[in-house]
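Report on the following structure.
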Amino acid sequence: MVRFVPFLLAAAWLASHGADAFAPAASSSQVRASSSSSSFPVVVGYGIATARTSPLSAMLVEKELPEKIYPPEEKESPKVLGGLKIGTRKLTVITGASSGLGLNCAVALAKTGRHFVVMACRDVEKGKRVAKEMGMPDNSYTVMKLELGSLQSVRDFVFNLKAFKSIRPVQNLICNAAVYRPTDPEPAWTDDGFEASMGINHFGHFLLVNLLVDDMAKAKDARICIVGSITGNTNTVGGGLVYPQADLGNLEGFEKGATKPIAMADGKPFFGAKAYKDSKVCNMMTVSELHRRYHASTGISFSSMYPGCIAETALFREKRPWFRKVFPWFMKYVTGGYVGMEEAGQRLAQVVDDPQCAKSDVYWSWNGGAQQVGRWSPDGKPRGAGGSGGEIFENQQSDAVRDREKAKKMWELSVKACRMTEKDLPKAAVSP
Ligand code: NDP
């Protein structure tokens, strides 16, 4: 039995404060940093740094930063199928398919021969490059521009996707892309003024899903999966023990519009690690709310999943090099929660491909789903901590995720924040 509570507490500290304890690591995100009275953002290519300056020059610099994450010149023209034949394959859209879990899921699905994959990526060239590197068959995918930090880009993506696929409905939508910015001392903002983690992970996907429900209702056995996390589930080791906990409060920040200078869902001061966790709770609440509103009328299955701790993905890009070395080791040998990228990709692929995952309103997990610390079984592999191996099962969501009233409120305030109109809302609604 592995019961290394001190190690776990150390992990908690590592996870939430690891990099903070040292000089801040440079972020590689394309999202603009905020400016405060004492620091201003210096945009260097895709990198962001902060430098000390006076309030006056900070204001001047801010004015010089009209930069958009999704400038008009990045708008893609609609693609046409050209010589591509999708045939009887299912049309499957994956956001954030240029890295980690999303990329490995795209590879797994494309290689089954049963799916034609639309890789929805913020960096199209990167998407094309990694698809080739991973050996995805040429006629098994296409890469399309989707910048989730811009609601306009979400709308443009949907327009282009519809032009590309014509009347064939989207069969599967996997909302996988995310950013995690635990070391940012100040919030970064999306083009619409949302704090970056909430804007990209939740609001961008929220609009995307809503714009595609009616189309997907035309497909048989359509599925929408929004990738969740134990960090948004307080009834798990990772979500309950590791500080800070996800907590949307009474959605005071959402009530105020969730835009700059409001950085957090609960309206409290910015806290990067918590902002990510809050966004993951919103992802999982969105699934429950989608199920309540649209499952009966559309037949679409809505689900969430926890892939395991894929400790080597770029999600941890903000962490210092030593942390990125120690963390996978720790998750592998101490908590037993580690899973490799390929296996994690297969898990996500299973949720949309396996007939046994057709059920709606499920939070899928494997190998115990990190409800506890791993127990070492006779075959030398840890069992029950969500790591490699084990069977798929229907995991229980935390009370926070199951809070129906809050989910309803979160939904309604998200509709407002995304400035959605009647026209954007799926027609197939059932009164929640
Ligand atoms: P990665 O950083 O490897 O992948 C994230 C993907 O999201 C990348 O393709 C990235 O694009 C894309 N992305 C980031 N910002 C945007 C944006 N603004 N618009 C469009 N796409 C964007 O992380 P993971 O593979 O680890 O994470 C995938 C999912 O798994 C996330 O939802 C995460 O919360 C979840 N998860 C991960 C766990 C882990 O241990 N790693 C554990 C539990 C859940 P680009 O390639 O250009 O950077």
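First listed ligand is number 1; within each ligand, the first listed atom is number 1.
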Practice task
Looking only at distances, please establish whether an N/O atom of ligand 1 is found under 3.5 Å from an N/O atom of Tyr306.
Solution key: no

Show the atoms of ligand 1 that are less than 4.0 angstrom away from any heavy atom in [X].
{"X": "Leu146", "value": "19 (N), 20 (C)"}
{"X": "Ala177", "value": "7 (O), 12 (C), 13 (N), 21 (N), 22 (C)"}
{"X": "Gly308", "value": "40 (O), 42 (C)"}
{"X": "Lys126", "value": "45 (P), 46 (O), 48 (O)"}
{"X": "Ser99", "value": "1 (P), 3 (O), 4 (O), 8 (C), 9 (O), 46 (O)"}
{"X": "Gly100", "value": "3 (O), 25 (O)"}
{"X": "Val179", "value": "14 (C), 15 (N)"}
{"X": "Leu101", "value": "25 (O), 28 (C), 29 (C), 30 (O)"}

Exercise for the section: If a pair satisfies salt bridge (charged side-chain N to carboxylate O under 4.0 Å, His left out) and one of its residues is in residues 196-210, list it, with sequence neighbours excluded. Expected result: none

So, do [X] and [Y] sit near enough that their side-chain heavy atoms are less than 4.5 Å apart?
{"X": "Met216", "Y": "Thr298", "result": "no"}
{"X": "Asn283", "Y": "Val287", "result": "no"}
{"X": "Lys145", "Y": "Tyr70", "result": "yes"}

Completion exercise
Closest non-hydrogen atoms of Ser303 and Val351, given as atom of the first, atom of the second and distance, are OG-CG1, 3.4 Å

Practice task
Mind checking whether Leu315 contacts ligand 1 via backbone (N, CA, C, O), side chain (CB onward), both or neither, at a 4.0 Å heavy-atom cut-off?
Solution key: both

Problem - Which segment of Met341 sits under 4.0 Å of ligand 1 when only heavy atoms are counted - result: neither

Exercise for the section: Give the ring-plane orientation class for His291 versus His295, where under 30° counts as parallel, over 60° as perpendicular and anything between as tilted. Expected result: parallel

Practice task
Run the contact test for Gly204 against ligand 1 with a 4.0 Å cut-off on heavy atoms, strictly below, and give the result.
Solution key: no

Fill in the blank from the handout: Looking at Asn176, Leu103, Val124, the heavy atom closest to atom 29 (C) of ligand 1 belongs to Asn176

